[in-house]
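This report concerns only the one structure given below.
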Amino acid sequence: MQYVPLHDRPPYYASPPTPPPNSTLVQRYTSPDLDLSTPLFQHSMSEDEQAQQATQVAEAGPSRKRPRQADSADASEEAWDNGNGHVVPVPAQQHRAPGIVPSLFGVSARNEFTKTIGEFIMAHAQGRDHVEIEIKLGTLIAPSQGGPPHRVRLPTMSESILPSDYPIGNFSSTMTKKQNQTLNKLLNDVTSESHSPNSPNTHPIQFFRARHIDSFYNIASSQRGGGKVRVSRDREGNIVPDGVIRKRRIGDLNVYSPRSAFDWRISINTEEPTEMPSGPPASTREKDRACYRHQLCQVDLTVVTTRNADGSPPSLSYELEIEILDVPALLAEGAKDSDLFDDMLQSVLDTARMLIRNV
């Protein structure tokens with residue numbers, strides 16, 4: 001599959017998309033607690049500097065990315081096998097304005113942001129089973145200095161990946177009820193639009209509701225490697241399929257986004273089936289989720305009621321997570337160092353960006 005540079009991809013929405021005026025779809029993709037009826041310097045270089053640069057370019061060899069082929073007005077939809085027997089359609093490429101060359105070298109450089117996140121994922125997830133990769137929206141809190149908690153402030157004007165050893169406080173993965181409502185409306189509108197015959201989205205978004213009660217049990221490090229065991233039940237108390245798992249945190253990568261309402265965190269965990277724990281849970285979380293499933297990822301907009309075993313009053317929170325659906329397929333492409341790996345990852349990252357830029 002040919003690599004599509006960022007500037008070839010569809011633009012960000014200037015405002016949240018809305019369904020076509022003649023749409024007959026009934027919106028019922030409502031947030032769990034809402035009423036369904038409410039509605040750059042160019043500088044001169046000496047000849048010696050130019051010769052040195054030319055030598056460096058020649059020694060570096062060709063770009064990892066393949067040169068773009070001639071633009072075609074008849075670009076058709078391709079498909080690829082994700083390795084699990086599922087053929088995933090790939091939409092026709094978006095092309096730049098006629099006459100615009102990707103760069104002086106005729107090719108586009110690999111996106112450094114996507115490359116860094118891809119390297120993080122491969123370093124932490126490759127070779128593991130039962131891997132979960134998700135993106136959480138939230139706020140990076142500055143280290144406590146005795147005052148009230150506040151968001152970190154860094155000398156950058158655009159989103160930045162923080163080194164793993166950069167000192168921060170907690171990552172608060174919650175939002176306000178109003179932000180929840182705004183994101184709910186955005187996701188509703190995109191879902192409705194994706195089912196329109198004229199939609200540019202070749203993969204209609206599928207909506208469903210999930211209501212679970214998760215009980216958490218702390219496991220000592222001396223017992224099967226430690227971690228937490230989560231038992232998920234439906235509202236009737238029945239354990240759901242694959243509902244007893246041991247969840248272990250493998251690594252986190254934080255992204256600071258100063259011009260947006262939220263920062264975000266890429267988390268890698270393992271979720272291994274395990275035995276039913278004994279004793280009372282340390283806490284329970286009642287989750288009411290509005291789920292939006294797309295080609296490569298699923299967005300979960302969740303209202304959570306947390307109850308602790310210490311008898312403290314229950315707390316209500318609003319959360320949003322983006323989970324990669326087929327992690328083995330993503331890791332297989334990453335192991336091949338393929339262009340498709342970047343494209344798949346870019347799609348998921350842009351989903352996160354679209355959400356936080358429209359809050």
Side-chain angles (χ1 to χ4, degrees), residues 6 64 109-145 147 149-175 216 218-219 221 225-228 230 245-272 296-297 300 319-324 327-328 330-338 341-353 355-357:
L6 286 181
R64 187 178 89 89
R110 188 178 183 187
N111 183 283
E112 192 74 10
F113 192 100
T114 306
K115 174 177 178 289
T116 301
I117 292 179
E119 290 171 344
F120 164 78
I121 288 175
M122 295 306 296
H124 289 78
Q126 191 173 21
R128 299 180 185 273
D129 295 324
H130 309 291
V131 176
E132 173 198 57
I133 302 176
E134 62 184 4
I135 298 176
K136 299 179 181 180
L137 303 193
T139 307
L140 291 168
I141 304 299
S144 177
Q145 296 181 344
H150 64 272
R151 189 179 185 181
V152 295
R153 300 183 182 92
L154 302 178
T156 179
M157 296 175 65
S158 61
E159 63 181 14
S160 303
I161 300 172
L162 303 188
S164 58
D165 59 349
Y166 187 85
I168 63 168
N170 295 326
F171 178 80
S172 177
S173 58
T174 61
M175 63 182 65
F216 294 88
N218 294 322
I219 304 300
S221 58
K228 287 186 176 182
R230 184 187 70 204
I245 62 101
R246 181 180 62 174
K247 186 166 185 172
R248 289 193 298 174
R249 173 177 158 187
I250 305 302
D252 296 321
L253 195 64
N254 296 313
V255 179
Y256 175 55
S257 190
R259 302 180 67 179
S260 303
F262 296 111
D263 305 309
W264 33 301
R265 167 177 281 184
I266 299 99
S267 294
I268 300 178
N269 307 288
T270 56
E271 294 188 334
E272 303 171 344
L296 301 173
C297 64
D300 292 335
E319 303 175 358
L320 187 145
E321 299 174 351
I322 305 165
E323 183 174 350
I324 294 179
V327 173
L330 179 70
L331 298 180
E333 294 301 327
K336 294 186 292 187
D337 200 25
S338 72
F341 176 69
D342 279 15
D343 291 336
M344 294 169 70
L345 188 53
Q346 190 69 52
S347 174
V348 178
L349 298 180
D350 283 344
T351 294
R353 292 187 177 104
L355 289 167
I356 66 175
R357 294 180 185 181

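Along the sequence shown, residues are numbered consecutively beginning with 1.
If you take OG on Ser257 and CG on Leu140, they are separated by 10.0 Å, rounding to the nearest 0.5 Å. The NZ atom of Lys136 sits 5.0 Å away from the OG atom of Ser267 when rounded to the nearest 0.5 Å. Summarising the geometry, atom CG belonging to Leu330 is positioned 5.0 Å from atom CE belonging to Met344; distances are rounded to the nearest 0.5 Å. Here the CE-CG distance, from Met175 to Leu137, works out to 5.5 Å after rounding to the nearest 0.5 Å. Remark: Lys228 NZ to Asn218 CG distance equals 5.5 Å, nearest 0.5 Å. Within the model, atoms CD of Gln346 and OG1 of Thr351 stand 10.0 Å from one another, a figure rounded to the nearest 0.5 Å.
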| request: Dump the intermediate steps for side-chain hydrogen bond (donor to acceptor under 3.5 Å, both in side chains) on Ser173 and Glu319, then the final yes or no. | output: CA-CA 6 Å; Ser173 58; Glu319 303 175 358; 4.6 Å; no
| request: Apply side chain to side chain contact (heavy atoms under 4.5 Å, CB included) to the pair Phe341 and Lys336, showing each step before the final yes or no. | output: CA-CA 8 Å; Phe341 176 69; Lys336 294 186 292 187; over 6 Å; no
| said: Pair Leu349, Thr114 - check side chain to side chain contact (heavy atoms under 4.5 Å, CB included), show working. | reply: CA-CA 8 Å; Leu349 298 180; Thr114 306; 4.1 Å; yes
| task | Report the C-alpha distance between Arg248 and Glu272 in whole Å, list the side-chain angles of each, state the deciding distance to 0.1 Å, and finish with yes or no for side chain to side chain contact (heavy atoms under 4.5 Å, CB included). | result | CA-CA 9 Å; Arg248 289 193 298 174; Glu272 303 171 344; 3.7 Å; yes
| For Ile135 and Glu321, what are the C-alpha separation, side-chain angles and deciding distance, and is it a side chain to side chain contact (heavy atoms under 4.5 Å, CB included)? | CA-CA 6 Å; Ile135 298 176; Glu321 299 174 351; over 6 Å; no
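Under a 3.5 Å cut-off, the side chain of Ser158 and the backbone N or O of Thr156 do not form any donor-acceptor pair.
Each side chain to side chain donor-acceptor pair (under 3.5 Å) pair with one or both residues in residues 118-135, not counting sequence neighbours, appears once here: Lys115-Glu119, Glu132-Lys247, Glu132-Asn269.
Contact between Phe171 and Asn254 at its shortest, heavy atoms only, is CD1-OD1, 4.3 Å. Closest non-hydrogen pair, Pro149 versus Ile141, comes out as CB-CG2, 4.1 Å. When all heavy atoms are compared, the tightest approach of Ser338 to Glu333 is OG-OE1, 2.7 Å. Here the closest non-hydrogen pair linking Thr174 and Phe262 is O-CE2, 4.1 Å. Of all heavy-atom pairs between Tyr166 and Leu154, the closest is OH-CD2, 2.7 Å. Of all heavy-atom pairs spanning Tyr256 and Asp263, the tightest one is CD1-OD1, 3.4 Å.
Contact annotation: the side chain of Asn111 never approaches that of Asp342 to less than 4.5 Å [non-hydrogen atoms, C-beta and beyond]. Leu345 has its side chain out of reach of Asp343: every pair of non-hydrogen atoms, C-beta onward, lies at least 4.5 Å apart. Taking 4.5 Å as the limit, some side-chain heavy atom of Leu355 sits within range of a side-chain heavy atom of Ile322. Under the 4.5 Å side-chain criterion, counting only non-hydrogen atoms from C-beta, Val131 is in contact with Ile268. In this structure the side chain of Val255 never reaches within 4.5 angstrom of the side chain of Leu162, judged on heavy atoms.
Listed by chain and residue number, nothing satisfies the side-chain hydrogen bond (donor to acceptor under 3.5 Å, both in side chains) test with Thr116 (two or more places apart in sequence, or in another chain). Residues that satisfy the side-chain hydrogen bond (donor to acceptor under 3.5 Å, both in side chains) test with Thr139, not counting sequence neighbours, are absent from this structure.
Under the 6.0 Å distance and 45° angle rule, Arg353 counts as a cation-pi partner of Phe113.
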